[in-house]
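First, the structure itself, so that you have it in front of you.
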Amino acid sequence: MLTIIQNDPEVPLSNYADALACFGVPYRVVPAYRGDALPSALDCRAVVVLGGAIGVHDTQAYPFLNRVKACITACLQTETPYLGLCLGGQLLADLTGGQVVSNRWEEHGTLPIDLTAAGGASPLFHGIPTTFPTFQWHHDSFDLPTGGTLLASSSACSHQAFSLQGKAFGLQFHPEMVESVIVDWCRWAPDTSKETNRFLSEFTAKKTAYMTASWQILENFLRIAGVLPDNQA
């Protein structure tokens, strides 16, 4: 079964729950932040790790992160397909030799990214334009890990997506966003709270292209993982 690991109660599966329902893919969400036990990688067809308002090094304050890291390591060892979103991508990079740095390429809002040549050829981005809109909300960013291939970049953040071992992918951006979550995240800090309407209007203006690309990324990952058959529309 597809396993979704949630690291933060305010960073849910959001529009990807709708996508999975549309694709007819069964899944389970494991709220790791509550201390729930994580399944063995061998029991998962694929694993998606969501983001969170914490950092990869915050294991003392959030010890559940150690279990999430162990699960990601097991996915790599067993070649279980893996997709990490924002914190999930940073955790993958950190575990494989890529430094995660705070306040270097910080981004907020609906922003475009560009596929590299490798990204354009990657099955994860099949059918997606070379430049497409994403939703960004991060203070930390990752360096490429050992053996990683850069798939996407932008003028504000050089490392937006990478692949590792063929079936493991880390994204810096959030493809799962919905308006209600934008409102929630804006409340996290005074400087973003006063910009709520702007963040919402910019997202709405790009929403059609954003959702098309976001769902295509998930569909592509599910095909890579063998969760969706090749002939499914």
Side-chain angles (χ1 to χ4, degrees), residues 1-34 36-52 68 71-72 74-76 78-89 91-92 115 119-129 132-135 151-152 161 163-171 173-182 184 203-204 206-233:
M1 178 179 287
L2 176 65
T3 298
I4 314 293
I5 297 177
Q6 186 175 0
N7 293 304
D8 188 319
E10 293 191 277
V11 186
L13 190 55
S14 297
N15 83 67
Y16 268 10
D18 297 330
L20 290 170
C22 181
F23 299 152
V25 173
Y27 66 93
R28 56 186 167 188
V29 176
V30 182
Y33 64 88
R34 289 195 322 210
D36 288 33
L38 302 182
S40 166
L42 293 173
D43 294 330
C44 303
R45 289 287 301 275
V47 173
V48 177
V49 173
L50 303 178
V68 176
C71 179
I72 297 170
C75 286
L76 294 172
T78 59
E79 299 184 347
T80 300
Y82 175 88
L83 179 64
L85 312 183
C86 200
L87 174 60
L91 286 165
L92 177 64
L115 295 179
S122 171
L124 186 68
F125 292 107
H126 175 72
I128 293 175
F132 62 95
T134 64
F135 191 83
L151 302 179
S163 61
L164 192 68
Q165 298 182 1
K167 292 184 179 180
F169 303 92
L171 309 182
F173 55 95
H174 286 275
E176 81 285 6
M177 188 51 53
V178 292
E179 289 89 339
S180 60
V181 174
I182 293 175
D184 288 342
F203 180 77
T204 299
K206 299 291 185 180
K207 186 174 181 179
T208 298
Y210 167 84
M211 293 291 287
T212 299
S214 293
W215 280 35
Q216 187 67 59
I217 290 170
L218 179 60
E219 181 179 348
N220 289 343
F221 174 71
L222 296 174
R223 294 191 190 284
I224 293 167
V227 175
L228 281 178
D230 289 340
N231 62 354
Q232 180 161 333

key: F203/Y210 aromatic ring centres below 6.0 Å   = yes
task = Applying side chain to side chain contact (heavy atoms under 4.5 Å, CB included), run through S214 and K207 and close with a yes or a no.
result = CA-CA 10 Å; S214 293; K207 186 174 181 179; over 6 Å; no
request  = First locate atom CG of D43, then atom CZ of R28, and finally report the distance between them rounded to the nearest 0.5 Å.
outcome  = 6.5 Å
task = Side-chain contact test, heavy atoms from C-beta onward, threshold under 4.5 Å: evaluate it for T80 versus Y82 and give yes or no.
result = no
task = For side chain to side chain contact (heavy atoms under 4.5 Å, CB included), just list the numbers for E176 and L13, CA-CA rounded to whole Å, side-chain angles, deciding distance to a tenth of an Å, and then say yes or no.
result = CA-CA 6 Å; E176 81 285 6; L13 190 55; 5.5 Å; no
message = So Y16 and I4, do their side chains get closer than 4.5 Å, heavy atoms only?
response = no
query = Heavy-atom distance under 4.5 Å between the side chains of L92 and V49, does that happen here?
reply = no
inquiry  = Within this structure, what is the CD1-SG distance for the pair I5 and C75, rounded to the nearest 0.5 Å?
reply    =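 Going from CD1 on I5 over to SG on C75, the span is 7.0 Å.
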query = Which heavy atom of V11 sits nearest a heavy atom of G52, and at what distance?
reply = CG2-CA, 3.8 Å
note = In terms of heavy-atom contacts, A46 and A225 come closest through CB-CB, 3.8 Å
query = What closest approach, in Å, do F23 and L228 show between heavy atoms, and which atom pair accounts for it?
reply =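 Shortest heavy-atom separation between F23 and L228 comes out as O-CD2, 4.0 Å.
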ask   = Would you say L115 and F132 make side-chain contact, with heavy atoms under 4.5 Å?
value =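 Result yes, sub-4.5 Å side-chain heavy-atom pair found.
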query = What's the shortest heavy-atom distance between N7 and A32, and which atoms?
reply =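 Heavy atoms only, the tightest pair is OD1-CB, 4.4 Å.
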ask   = Roughly how far apart are M211 CE and N15 CG, rounded to 0.5 Å?
value =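 The CG atom of N15 is 4.0 Å from CE of M211, to the nearest 0.5 Å.
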message = Just so I know, are the side chains of L222 and L2 near enough to count as touching, which here means a heavy-atom distance under 4.5 Å?
response =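 L222 reaches L2 side chain to side chain.
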ask   = Of all heavy-atom pairs between P39 and T3, which one has the smallest distance, and what is that distance?
value =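 Answer, listing the atom of P39 first, then T3: CG-CG2, 3.9 Å.
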query = Should we say atom CD of E10 is surrounded by more than 12 heavy atoms from elsewhere, each under 6.0 Å from it?
reply = yes
ask   = Are L171 and L124 side-chain neighbours, meaning at least one heavy-atom pair lies under 4.5 Å?
value =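 Yes, at least one pair of side-chain atoms sits under 4.5 Å.
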For the student: nearest non-hydrogen atoms of A213 and I128, plus distance = O-CD1, 3.7 Å
key: Interatomic distance, F221 atom CZ to K167 atom NZ [nearest 0.5 angstrom]   =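 Going from CZ on F221 over to NZ on K167, the span is 10.0 Å.
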request  = Decide yes or no for D18 and V178: does some side-chain heavy atom of the first lie under 4.5 Å from some side-chain heavy atom of the second?
outcome  = no
key: Residue pair L83 / F169, side-chain heavy-atom distance below 4.5 Å   = yes
key: Interatomic spacing from CD in E219 to NE2 in H126 - rounded to 0.5 Å   = 9.0 Å
key: Chi angles and distances behind the side chain to side chain contact (heavy atoms under 4.5 Å, CB included) call for L218, L20   = CA-CA 9 Å; L218 179 60; L20 290 170; 4.0 Å; yes
